[in-house]
Visitor: 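Sharing a structure, written as structure tokens. Questions coming.
The basis for the numbers below is simple: all heavy atoms, side chains too, and nothing from hydrogens, waters or symmetry mates. From a predicted model like this one, the values you see are computed outputs, not experimental measurements.
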Amino acid sequence: MAGGRLLLSVASAAALLWTFILYAPLSSPSTPQDADRRALRHAQATLNNQKAYIAMLIAANETTARRLAASEARAEQMAKRLEALSTASTLRAAESDAQVEQLRRKLDLAPQGSAEKHADALLDDGRNFLLATRAEPATTRPLHLQRQLRTLLGMARLLNRTLVLPAAWCDCRDTSQLTDCSNGPVHPLFDCPVREPLGTGNAKGVLPQLRPPRVMLAKLPDSLRCSHVRLTLPLGLDSEQLSHALRHYASTRLLEVDAPHETYCGPSTRASEAERAAEAALDEFVSAAFDGG
């Protein structure tokens, strides 16, 4: 019995030794192949990280490129808008200059008084007109003339009416009939010699349509004669008050206003920037014209 146990113990020991011999290489330290595999896995992980970083950079660059393209497109649109605004402003100025030139052609400027001959063409064209009262005594002081012209231009622009220029500017002894005038040069806008040196200025697209004072000497067309109102308005009206006061006369063809230079005082405190800019342009125009520009 004891011999059997000894034999079993020897056999077990031999089996364990054989197992150790067979599997010892598996539990031995890492081989060079294992190190190479680990280095390969590390290199692959590093490569994957670099690929992800490069992809992120590419995406960021694409986003930046899209934003840059959008900014360039907006800049191009703004440039086109500015060009359109500049073109429109130039066209308005050219249109105003064309009005002066067209009036010169209509008047023919020689001989003096041609406007009276062409009164039908200058008046009966469907427009509504504005003029200062002709029966008032002519005041020939330069500052009064300048103020009167400036006020009438502002009122005509505000009311969208064609202005019949005041006869007080004509250097004639009888301004009601424009007779016995001086031998000075005939001004192209007034169709008469003027009392003060007066240029044509720069209209800047805000100058209303103009007619010379001589057209009122001819027989008025029935369309004007039957729609002619003379008004005495309160003093010191701004643009908003003047428009409100004349709201019922929008269809009246010919408005004749007493003392316009005392009636209209310019844009109201609630006037738009465009209206203020137009009034400032008229100030500049009258100043330049009065200086002979």
Visitor: State the CG-CG distance between L254 and L220, to the nearest 0.5 angstrom.
Guide: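 These two atoms lie 6.5 Å from each other.
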
Visitor: Would the SG atoms of C192 and C170 measure under 2.5 Å apart?
Guide: yes

Visitor: Taking all non-hydrogen atoms of both residues, which atom of L189 and which atom of L165 are closest, and how far apart?
Guide: O-CD1, 3.4 Å

Visitor: Please give me the minimum heavy-atom distance between R195 and A168, naming the atom from each residue.
Guide: NE-O, 2.9 Å

Visitor: Taking all non-hydrogen atoms of both residues into account, name the closest pair between F129 and L224 and its distance.
Guide: CD1-CD2, 4.0 Å

Visitor: Is there a donor-acceptor contact under 3.5 Å from the side chain of S227 to the main chain of S223?
Guide: no

Visitor: Give the minimum heavy-atom separation between Q241 and G236, together with the two atoms involved.
Guide: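 Closest approach of Q241 to G236, heavy atoms only: OE1-O, 3.9 Å.
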
Visitor: Look up atom NE2 in H244 and atom CG in L237, then write down how far apart they are to the nearest 0.5 Å.
Guide: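 Output value for this atom pair is 10.5 Å.
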
Visitor: For the pair D191 and V186, evaluate side-chain contact (heavy atoms from CB on, under 4.5 Å) and give the outcome as yes or no after the intermediate values.
Guide: CA-CA 6 Å; D191 191 38; V186 175; 4.0 Å; yes

Visitor: So, for H228 and E256, which heavy atoms are closest and what is the spacing to 0.1 Å?
Guide: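 Closest approach of H228 to E256, heavy atoms only: NE2-OE1, 2.7 Å.
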
Visitor: I'd like to know whether CZ of R173 has more than 12 heavy-atom contacts from other residues, nucleotides or ligands below 6.0 angstrom.
Guide: no

Visitor: Any non-hydrogen side-chain atom of L233 less than 4.5 Å from a side-chain atom of L246?
Guide: yes

Visitor: Using a 4.5 Å cut-off on heavy atoms from C-beta on, say whether the side chain of L145 contacts that of V194.
Guide: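 Side chain of V194 against side chain of L145, heavy atoms only: no contact under 4.5 Å found.
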
Visitor: Go through F285 and R150 one step at a time and tell me if the side-chain contact (heavy atoms from CB on, under 4.5 Å) criterion holds.
Guide: CA-CA 9 Å; F285 166 78; R150 169 63 183 87; over 6 Å; no

Visitor: State the CZ-CZ distance between F190 and R214, to the nearest 0.5 angstrom.
Guide: 12.5 Å

Visitor: Can you tell me if N160 has over 12 outside heavy atoms packed within less than 6.0 Å of its CG?
Guide: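 No - once you tally the heavy atoms of other residues, nucleotides and ligands closer than 6.0 Å, there are 12 at most.
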
Visitor: Can you tell me how far the CG atom of L153 sits from the CG atom of L149, to the nearest 0.5 Å?
Guide: 4.5 Å

Visitor: Of L131, L152, T252, which meets side-chain contact (heavy atoms from CB on, under 4.5 Å) against R161?
Guide: T252

Visitor: S239 side chain to S268 main-chain N or O, any donor-acceptor pair under 3.5 Å?
Guide: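 Looks like yes, one N/O pair under 3.5 Å.
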
Visitor: Please give me the minimum heavy-atom distance between A271 and P267, naming the atom from each residue.
Guide: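 What the structure gives for the nearest pair is CB-CB, 3.8 Å.
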
Visitor: Report the distance from atom CG of L158 to atom CE of M155, rounding to the nearest 0.5 Å.
Guide: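 It is 8.0 Å, given to the nearest 0.5 Å.
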
Visitor: Determine whether a donor-acceptor pair (N or O, by modelled atom type, separation under 3.5 Å) exists between the side chain of R253 and the backbone of R127.
Guide: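 Yes: the side chain of R253 pairs with the backbone of R127.
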
Visitor: In Å, rounded to the nearest 0.5 Å, how long is the span from OG1 of T263 to CG of L242?
Guide: 8.0 Å

Visitor: Taking C-beta and beyond as the side chain, do H261 and Q146 meet within less than 4.5 Å on heavy atoms?
Guide: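 Heavy-atom side-chain distance check fails, nothing below 4.5 Å.
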
Visitor: For R67, does the CZ atom have more than 12 heavy-atom neighbours from other residues, nucleotides or ligands under 6.0 Å away?
Guide: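 Atom CZ in R67 is not packed in, count stays at 12 or less.
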
